[in-house]
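Data block below; observations after.
Basis for what follows: all heavy atoms, side chains included, without hydrogens, waters or symmetry-related copies. Predicted model only: the values in this text are computed from it and were never measured.
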Amino acid sequence: MSITSQHCVYVFWNAKRCLYIGRTLNGHGRPGSHFQKFWFSKVTRIDILAAKSKRKVAMLECVATHTFDPLHYKIKPAQIGPSLSKFFN
């Protein structure tokens, strides 16, 4: 898998259900590292969301996690407070 954007968030889907969200800051390697996970056989689509800068990747990952509610995601996203509410209103 080749990703053309350096800084991105990737979303693994099974039909309309989000399975996992991850990020990469160097544009390669990370999505492929999940191909051996027990849930990967259920993946029907992978979306790549490009961030404008390295600094924006964590914010994009957090927004995607709140929006898509991934099934296999161990890290809880930040709570929606004053700093994140502008993305959800």
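Summarising the geometry of V57 relative to H7, their closest heavy-atom pair is CG2-CB, 3.4 Å, with the distance given to 0.1 Å. Residues E61 and I21 approach most closely at CG-CG2, 4.0 Å, considering heavy atoms. Closest heavy-atom contact between D69 and R17: O-NH1, 2.6 Å.
For the pair P70/T65, a side-chain contact is recorded, criterion being any heavy-atom separation below 4.5 Å from C-beta on.
Here the CZ-NZ distance, from R23 to K54, works out to 10.5 Å after rounding to the nearest 0.5 Å.
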Would you tabulate the side-chain donor-acceptor contacts of residues 43-51 under 3.5 Å, counting partners in other chains and residues two or more places apart, or write 'none'?
unit_1: T44; atom_1: OG1; unit_2: W13; atom_2: O; d: 3.3
unit_1: T44; atom_1: OG1; unit_2: A15; atom_2: N; d: 2.8
unit_1: R45; atom_1: NE; unit_2: D47; atom_2: OD1; d: 3.0
unit_1: R45; atom_1: NE; unit_2: D47; atom_2: OD2; d: 3.3
unit_1: R45; atom_1: NH2; unit_2: D47; atom_2: OD2; d: 3.0
unit_1: D47; atom_1: OD2; unit_2: W13; atom_2: NE1; d: 3.0

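Ring pair W39/H72 is parallel by interplanar angle, where below 30° counts as parallel and above 60° as perpendicular.
Remark: S53 engages R55, K56 in a side-chain contact (heavy atoms from CB on, under 4.5 Å) (not counting sequence neighbours).
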